[in-house]
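See structure below.
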Amino acid sequence: MRALTLNGLPRLGAGAALVAALFVTAAPQAQARDNVGAAILGGAAAGVLGGVAAGAIMNGAQAAPPPPPAYVVPPPRRVYVEEPETVIVRPRRGPICHFERRKVWLDDESFTYKRVEVCE
């Protein structure tokens with residue numbers, strides 16, 4: 001079988017058109033009283049079905065598509081672990097002191113606030 005090229009494609013189409021024209025002109029004229037109208041329609045339907053079948057056969061002759069690529073398991077993701085920062089706790093050097101306000105009663109009815117240093 002020869003390969004089709006762009007130069008040969010118009011000649012092939014012209015040849016097919018010539019063959020189709022010969023078949024159309026060679027058939028005698030059909031009339032309703034001849035009872036051949038159904039035969040012409042049947043022949044046209046058979047031609048269409050034959051063309052579809054030939055197209056399917058030619059299309060089926062093509063090579064099958066390649067299979068999909070195999071699944072490759074991706075490598076595990078890298079995880080960066082930060083080491084915890086070391087915290088140095090120094091021991092107390094002495095008592096911790098702060099000031100508080102304390103309520104001091106002057107008598108049964110009156111009072112005042114006084115600042116008092118409290119050490120722990």
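Values below: every heavy atom of this structure, side chains too, minus hydrogens, waters and symmetry copies.
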> Measuring from R115:CZ to R101:CZ, what's the distance to the nearest 0.5 Å?
Replying inline: 9.5 Å
>> Once rounded to the nearest 0.5 Å, what's the spacing between atom NE2 of H98 and atom CD of E117?
In response: 9.5 Å
>> Let's go through Y113 and K103 carefully: what are the C-alpha distance in whole Å and the side-chain angles of both, what is the deciding distance for side chain to side chain contact (heavy atoms under 4.5 Å, CB included) to 0.1 Å, and is it a yes or a no?
In response: CA-CA 5 Å; Y113 288 101; K103 188 186 286 190; 3.8 Å; yes
>> Considering only residues two or more places apart or on different chains, which pairs with a residue in residues 57-114 satisfy disulfide (SG to SG under 2.5 Å)?
In response: C97-C119
>> Is there a path of hydrophobic side-chain contacts, each under 4.5 Å between heavy atoms of I/L/V/M/F/W/Y residues, joining I96 to V118?
In response: no
> Heavy-atom count around D108 CG within 6.0 Å, excluding the residue itself: above 12?
Replying inline: no
